[in-house]
Amino acid sequence: MTTLSRDEARRLALRAQGLVGAPDRRAGVRGVLRQLGAVQLDTISVLARSHELVPYARLGPVGREAVESAYWSGTHSFEYWSHAACILPIEEWPHFAFRRRAYRAKGYRWHTMEDSDRSCAAVLARLTADGPLTTSELGGGRKGGEWWDWSETKIAVEWLLDTGRVVCTERRGWKRVYDLAERAVPDALLHDDLDDAECLRRLVAQAGAALGVATRADLADYHRLKGDQVDAVIEGSGLVPVEVEGWGRPAWADPAALAAPPRGRHRTTLLSPFDSLIWDRARTERIFGFTHRLEAYVPRPRRVHGYFAMPLLSGGRLLGRADPAREGTTLIARQVSMQGPKAVRPMAQALREAATWAGCDAVRLERCDDAELAAALRAELTHMSEKSD
């Protein structure tokens, strides 16, 4: 059995996630999506939404409109339930048949309908007649109360999405756009004939390739599978057992990742908290020795690192975090922490690049948890600004 050091496992994970070596600019955003297998969506938007930040972290300052176009134009992707609500390559459609079947067998997800047959038929009729529509175009999403107090139409269209008769083909103004599956999914992929075991086998293999090296829990978490589902298919997944120094638990690796050692430059960038490199907090601590928690839903007085603290990746390690905001054309680093002087220049570089990409022409540091590092960071940001003028 192959034994990997901690550093070897870390480098395998970084390369599998597209953060080592020259980016494949020809494949672009779609190439990033295919490599990762899932890009998480989230409502929070600071510099940009998370699904925009993920390709930015790997490709550099690709235009935000180009990111959206790459995701949603043509029949290249769809939105469905993976790690959470995610953009998925359209090629993955058949592999989620097991989840669609599970929803159908249960009969509901969060809400029940007063008249399921009538409500679903009405939604399908509208989509057939009028083409892709948002919930509001279908008649409205809420009864008038809280956000979870869904209308019958909203319950129906989400149930049709869960069970595969309707597909989310894009987000428009952050609203889902729904279309009939037979229009949105290419004929060659529009089938649910893979049994559950085959669906799970392929998803575990994909997760393994996207993670490079992973434990059972890592593999399960990637597409929110159950541990026993991973156990049932791991032997047929093509992943190979390995031992990783210090992990203290069984692990598996993508044989293609083991065949060629990672080479090339490491990206220096700020990562979305929902980036698949770090969305599993336990894995992040194990691989990088870095504890990170999203504090957006923590009361402000109890926040340690800020509302949307973005970890700093540089040299293949996580060296700090910054909580960004925008004020006109200035990027404000509201709260910054860094792991010593070696993180100052990478933090300044990452903040400047993020500012430029987001359409800002200046960076201002508000707070840093270390006065000496704060002074050094301000000096570095000033130096970079003067060089660019």
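The structure displayed is predicted, hence computed values, not measured ones.
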Inset, instruction - Look at the side chain of E79 and the backbone N and O of V177, then say whether any donor-acceptor pair between them is shorter than 3.5 Å. - result: no

Closest non-hydrogen atoms of R326 and C360, given as atom of the first, atom of the second and distance, are NE-SG, 3.6 Å

Minimal heavy-atom distance between L12 and A257, with the atoms involved, is CD2-O, 3.4 Å

Are W81 and V230 linked, directly or through intermediate hydrophobic residues, by side-chain heavy-atom contacts shorter than 4.5 Å (ILVMFWY only)? yes

**Asked** Between the side chain of W279 and the main-chain N/O of P273, is any donor-acceptor distance below 3.5 Å?
**Response** no

Identify whether NZ of Lys or CZ of Arg in R49 sits under 6.0 Å from the centre of the six-membered ring of W174 and within 45° of that ring's axis.
-> yes

Q) Is D218 salt-bridged to R286, going by a charged N under 4.0 Å from an acidic O? A) yes

With salt bridge (charged side-chain N to carboxylate O under 4.0 Å, His left out) as the criterion, how do R216 and D228 come out once you've worked through the C-alpha distance, each side chain's angles and the decisive distance to 0.1 Å? CA-CA 9 Å; R216 171 184 185 261; D228 58 359; over 6 Å; no

When you measure from the side chain of H292 to the backbone N and O of R281, does any donor-acceptor pair fall under 3.5 Å?
no

* Are side-chain N/O atoms of H95 and E92 paired as donor and acceptor at under 3.5 Å? -> yes

Going by atom types only, do R58 and Q17 share a side-chain donor-acceptor pair under 3.5 Å? yes

Discussion item. Would L318 and L312 count as a side chain to side chain contact (heavy atoms under 4.5 Å, CB included) here? Give the steps.
Written reply: CA-CA 5 Å; L318 298 177; L312 169 67; over 6 Å; no

Okay, side chain of Y56, backbone of L270: is any donor-acceptor separation there less than 3.5 Å? no

| said: Any side-chain to backbone donor/acceptor pair from D24 onto A27? Under 3.5 Å, distance only. | reply: yes

So, T134 and S136: side-chain donor and acceptor under 3.5 Å apart, yes or no? yes

Regarding E295 and R293, does a basic nitrogen lie under 4.0 Å from an acidic carboxylate oxygen?
no

Can you tell whether the side chains of K154 and E158 come within less than 4.0 Å, N to carboxylate O?
yes

- request: For the pair Y103 and W159, evaluate ring-ring contact (aromatic ring centres under 6.0 Å, His included) and give the outcome as yes or no after the intermediate values.
  value: CA-CA 9 Å; Y103 287 139; W159 174 245; 7.1 Å; no

Quick one, L377 and M347 - any side-chain contact, counting heavy atoms below 4.5 Å?
yes

* Asked: Should L211 and L19 be regarded as members of a common hydrophobic cluster, given that ILVMFWY residues are connected when their side-chain heavy atoms come within less than 4.5 Å of each other, either directly or indirectly?
  -> no

Checklist entry - With a 4.0 Å cut-off, would you call R364 and E327 a salt bridge? => result yes

- Measure the acute angle between the ring planes of W93 and Y80, then classify it against the limits of 30° and 60° as parallel, tilted or perpendicular. tilted

| message | Under a 3.5 Å distance rule, please check whether S237 uses its side chain to pair with a backbone N or O of I234 as donor and acceptor. | response | yes

Item checked: Pair E68-W72, side-chain donor/acceptor within less than 3.5 Å -> yes

Does the side chain of T284 reach to within under 4.5 Å of the side chain of L277, using non-hydrogen atoms?
no

* Evaluate the side-chain proximity of L180 to R165: yes if any heavy-atom separation is below 4.5 Å, no if none is. => no

With no hydrogens and no angle check, do the side chains of S5 and R11 hold a donor and an acceptor under 3.5 Å apart?
no

- Indicate yes or no for a side-chain donor-acceptor contact from R10 to the backbone of G316 under 3.5 Å, with no hydrogens or angles considered. yes

Taking the inter-plane angle between the rings of H51 and Y71 on a 0 to 90° scale, is it parallel (under 30°), tilted (30 to 60°) or perpendicular (over 60°)?
-> tilted

Does the gap between the ring centers of F96 and H223 come in under 6.0 Å? yes

ask   = Do the charged groups of R15 and D254 touch, with an N to O distance under 4.0 Å?
value = no

* Are any non-hydrogen side-chain atoms of R202 and E198 less than 4.5 angstrom apart? -> yes

Should the heavy atoms of other residues, nucleotides or ligands under 6.0 Å from NE2 of H383 be counted, would the total exceed 12?
no

Subject >> Atom CZ of R183 with >12 non-hydrogen neighbours under 6.0 angstrom >> reply: yes

Closest non-hydrogen contact found for C86 with Q40 is SG-CA, 3.7 Å

ask   = Under 4.0 Å between a Lys/Arg side-chain N and an Asp/Glu carboxylate O for E366 and R334?
value = no

**Request:** Treating Ile, Leu, Val, Met, Phe, Trp and Tyr as nodes and any side-chain heavy-atom pair under 4.5 angstrom as an edge, say whether L294 and L313 lie in one connected cluster.
**Result:** no

* Asked: For the hydrophobic clusters of this structure (ILVMFWY residues joined by side-chain heavy atoms under 4.5 Å, transitively), does one cluster hold both L239 and V233?
  -> yes

Residues L33 and S77: closest non-hydrogen pair is CD2-CB, 3.8 Å

Requested in this report: Give a yes-or-no answer on whether the side chains of D275 and S272 include a donor-acceptor pair shorter than 3.5 Å.
Outcome: no

- Query: For R126 and E137, what are the C-alpha separation, side-chain angles and deciding distance, and is it a salt bridge (charged side-chain N to carboxylate O under 4.0 Å, His left out)?
  - Reply: CA-CA 10 Å; R126 279 292 310 282; E137 290 168 338; over 6 Å; no

*Answer yes if the side chains of D179 and T169 hold a donor-acceptor pair under 3.5 Å, and no otherwise.*
no

Would S73 and R30 count as a side-chain hydrogen bond (donor to acceptor under 3.5 Å, both in side chains) here? Give the steps. CA-CA 11 Å; S73 62; R30 290 173 185 164; 2.8 Å; yes

* Linking I/L/V/M/F/W/Y whenever any side-chain heavy atoms sit under 4.5 Å apart, do V29 and L53 land together? -> no

Side-chain ion pair, D196 and R101, N-O less than 4.0 Å
yes

Is the shortest side-chain heavy-atom distance between S337 and H305 below 4.5 Å? yes

Salt-bridge contact D115-R118 (side-chain N to carboxylate O under 4.0 Å):
yes

Taken to the nearest 0.5 Å, the spacing of L225 CG from F98 CZ works out to 5.0 Å

To the nearest 0.5 Å, atom CG of L36 lies from atom CG of L88 at 11.0 Å

- Message: Can you confirm whether P23 sits close enough to L59 that some side-chain heavy atom of one is under 4.5 Å from a side-chain heavy atom of the other?
- Response: yes

Q: Name the orientation class of the two ring planes belonging to W150 and H111 (parallel below 30°, tilted from 30 to 60°, perpendicular beyond 60°).
A: parallel

Do R321 and V336 have side-chain heavy atoms sitting under 4.5 Å apart? no

Hey, is R100 close enough to D192 for a salt bridge, meaning N to O under 4.0 Å? yes

Review point. If only atom types and distance count, is the side chain of R224 paired as donor or acceptor with the main-chain N or O of H83 below 3.5 Å?
Key: yes

* Counting heavy atoms not belonging to R345, are there more than 12 under 6.0 Å from its CZ? -> no

Q35 side chain to A16 backbone, donor-acceptor under 3.5 Å | yes

Problem set entry | Expected output: side-chain Q229 to main-chain K226 donor-acceptor under 3.5 Å | yes

Are side-chain heavy atoms of S314 and H266 found at a separation under 4.5 Å?
-> no

